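Note sheet for the following structure.
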Amino acid sequence: MKTYDYIIVGGGLFGGTFAYLAQQKGKKCLVVEKRNTLGGNIYCQNIEGINVHKYGAHIFHTNNKTVWEFVNSLVEFNRFTNSPIANYKGEIYNMPFNMNTFNKMWGVSRPEEAKKIIDSQRSQISNVPQNLEEQAISLVGTDLYQKLIKGYTEKQWGRDCRELPPFIIKRIPVRFTYDNNYFNDPYQGIPVGGYNELINVLFEGCDIMLNTDYNKEKERFNQMGNKVLYTGTLDSFYDYKYGKLEYRSLRFESEVLDLENYQGVAVVNYTDRETPYTRVIEHKHFEFGTQKKTVITKEYPASWREGDEPYYPVNDDTNQDLYGRYKELAENEDKIIFGGRLAEYKYYDMDKVIASAFNLVHQEFN
Ligand SMILES: Cc1cc2nc3c(=O)[nH]c(=O)nc-3n(C[C@H](O)[C@H](O)[C@H](O)COP(=O)(O)OP(=O)(O)OC[C@H]3O[C@@H](n4cnc5c(N)ncnc54)[C@H](O)[C@@H]3O)c2cc1C
């Protein structure tokens with residue numbers, strides 16, 4: 001009863017990129033998605049005419065020209081430039097750390113003056129950093145650490161910076177120019193009309209089954225296709241036989257406000273420890289919206305339990321070892337291919353996910 005060339009498990013960006021390119025090779029695809037929407041984590045919900053990034057703010061940025069040309073061949077992108085700000089107890093600072101930040105913090109106007117202050121504060125740490133606090137101070141000094149790093153990081157990890165290992169922060173980008181563009185990549189933007197436009201094009205022509213968990217009916221689906229591309233979590237594929245991989249999660253609280261413009265920018269980081277959320281997203285600014293109302297989302301870091309959204313993998317040694325054991329099993333499957341952020345237990349930006357799907361297409365069809 002094989003009717004499909006590929007059963008694609010997961011309607012996210014990895015599955016979508018593969019589906020689009022496989023169909024161009026004449027392959028027939030069935031997409032099985034356990035949520036009631038396609039798009040995975042880039043899905044947007046339209047509220048008051050505003051595309052609300054339901055699973056966290058997503059900004060497309062890349063230095064990969066092939067990926068950029070690919071997505072632009074499917075939908076038009078606007079020129080959104082991510083220039084978030086930090087709010088520390090009501091004081092506003094530009095991000096990433098640059099001359100605008102230093103001018104606000106110390107009143108300096110020239111790079112040399114800022115460098116001098118940072119260097120003198122950095123020199124307070126003369127030993128090899130023993131924890132995240134010492135590491136951060138050794139990189140950017142005490143003022144930037146105290147106001148813009150400490151509280152935010154402690155909220156993210158649910159622990160004091162002195163109890164966190166130094167390697168979590170390897171480098172902190174510091175710019176000695178007046179440049180608030182968060183990303184260094186040459187290409188950046190948001191699809192005009194939101195990410196669902198991109199998703200619709202990627203999956204066009206596929207048969208789709210929503211609200212369907214592949215893992216509950218594996219055998220049935222395996223019989224329906226020559227091959228299966230699985231983009232869900234690897235431990236759940238193997239019914240957690242070696243144990244569960246850990247994640248960090250997020251909780252989002254969205255509200256519609258009867259205001260045209262709440263914070264004047266898409267992303268505000270709250271860097272003090274007391275404010276319980278880490279960021280507030282005002283979605284309309286991603287698309288320069290002019291609607292009468294606005295939608296904001298407060299983002300709270302959360303520990304993860306089974307059933308919660310697995311947002312960020314915890315790639316420590318214990319979890320990596322466990323993942324390695326599942327990966328060994330996966331490598332011995334001949335009919336099932338694995339890909340995407342969940343199956344690879346890896347944080348992947350969107351452009352990297354697309355590039356990885358390109359590689360898979362290359363392997364499958366060349
Ligand atoms: C909070 C947050 C913010 C981010 N912001 C950015 C950003 O600004 N820029 C950027 O480039 N990247 C960003 N990313 C990364 C981006 O979300 C990923 O690159 C992308 O979504 C990965 O696509 P995917 O298809 O691998 O996974 P997903 O989008 O997770 O898709 C996997 C799909 O598989 C489905 N699925 C899982 N198991 C099963 C099953 N058993 N049966 C059926 N269906 C199943 C899931 O429901 C899901 O829809 C962010 C990620 C997070 C968590």
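Given the structure is predicted, the values throughout are model-derived calculations rather than measurements. Indexing begins at 1, ligand by ligand and atom by atom, following the structure's order.
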Ignoring angles and geometry beyond distance, decide whether L13 reaches within less than 3.5 Å of ligand 1 through its nitrogen or oxygen atoms. yes

Of all protein heavy atoms, the one nearest atom 8 (O) of ligand 1 is I59 N, 2.8 Å

Task: H61 ring center near Y187 ring center (under 6.0 Å) - done: no

Handout entry: Criterion side chain to side chain donor-acceptor pair (under 3.5 Å) on Y4 and D207, from CA distance to verdict
Key = CA-CA 9 Å; Y4 295 97; D207 286 345; 2.5 Å; yes

Classify the side-chain pair Q188/N82 by whether it contains a donor and acceptor separated by less than 3.5 Å. no

(Q) Tell me whether the rings of Y277 and Y300 are parallel (<30°), tilted (30 to 60°) or perpendicular (>60°). (A) perpendicular

Numbered in order shown, the ligand 1 atoms found under 4.0 Å of a heavy atom of V32 are 43 (C), 44 (N)

| task | Step through it carefully: locate the ring centre of Y152, locate the ring centre of Y88, and say whether they are under 6.0 Å apart. | result | no

F252 to ligand 1: N or O pair under 3.5 Å?
no

- Taking the six-membered ring for Trp, is the centroid-to-centroid distance between F60 and Y195 below 6.0 Å? no

If you compare Y348, Y182, Y312 by their heavy atoms, the one closest to atom 52 (C) of ligand 1 turns out to be Y312

* Are any of the N/O atoms in T233 less than 3.5 Å from those in ligand 1? -> no

the protein heavy atom lying closest to atom 30 (O) of ligand 1 turns out to be R341 NE, 2.8 Å

V9 heavy atoms within 4.0 Å reach ligand 1 at atoms 40 (C), 42 (N), 43 (C)

re atom 31 (O) of ligand 1, the protein heavy-atom contact at minimum distance is G12 CA, 3.5 Å

Partner of R248 under side chain to side chain contact (heavy atoms under 4.5 Å, CB included), picked from P310, P313, S303, is S303

Checking Y178, F176, F97 against F102 for ring-ring contact (aromatic ring centres under 6.0 Å, His included), the one that qualifies is F176

Exercise. How are the rings of F338 and Y230 set to each other: parallel, tilted or perpendicular (split at 30° and 60°)?
Worked result: perpendicular

Aromatic plane relationship, H53 with F286 - under 30° parallel, 30 to 60° tilted, over 60° perpendicular: parallel

Item to complete: Give a yes/no on ligand 1: does Y43 have at least one heavy atom closer than 4.0 angstrom to it?
Response: no

Check if T212 has a non-hydrogen atom at a distance under 4.0 Å from any atom of ligand 1.
yes

At under 4.0 Å between heavy atoms, what of A57 touches ligand 1? The answer is backbone

If you compare E33, H61, R248 by their heavy atoms, the one closest to atom 35 (C) of ligand 1 turns out to be E33

Closest to atom 6 (C) of ligand 1 among protein heavy atoms sits H58 CD2, 3.5 Å

In ligand 1, the atoms that come under 4.0 Å of a heavy atom of Y55 are 1 (C)

A student checking ligand 1 against G232 at a 4.0 Å heavy-atom cut-off should list atoms 37 (C), 38 (N)

(message) Check for me whether K244 meets the cation-pi criterion with Y240, that is, NZ or CZ under 6.0 Å from the six-membered ring centre and within 45 degrees of the ring axis.
(response) yes

Ranked by distance from atom 45 (C) of ligand 1, the top protein heavy atom is K34 CG, 3.8 Å

For G40, the atoms of ligand 1 under 4.0 Å from one of its heavy atoms are 29 (O), 31 (O), 48 (C), 49 (O)

Q) Taking the six-membered ring for Trp, are Y247 and Y345 ring centroids under 6.0 Å apart? A) yes

Heavy-atom proximity to atom 29 (O) of ligand 1 ranks first, among T17, N41, D213, N215, for N41

Q. Taking the six-membered ring of F18, is NZ or CZ of K27 closer than 6.0 Å to its centre and within 45° of its axis?
A. no

query: ligand 1 and M350, any nitrogen or oxygen pair closer than 3.5 angstrom?
result: yes

Pairing of E255 and K298 as salt bridge, 4.0 angstrom limit: yes

Ligand 1 atoms nearer than 4.0 angstrom to some heavy atom of Y311 are 53 (C)

One finds that the ligand 1 atoms under 4.0 Å from a non-hydrogen atom of G340 are 26 (O)

Going by the 4.0 angstrom heavy-atom rule, the piece of F60 near ligand 1 is neither

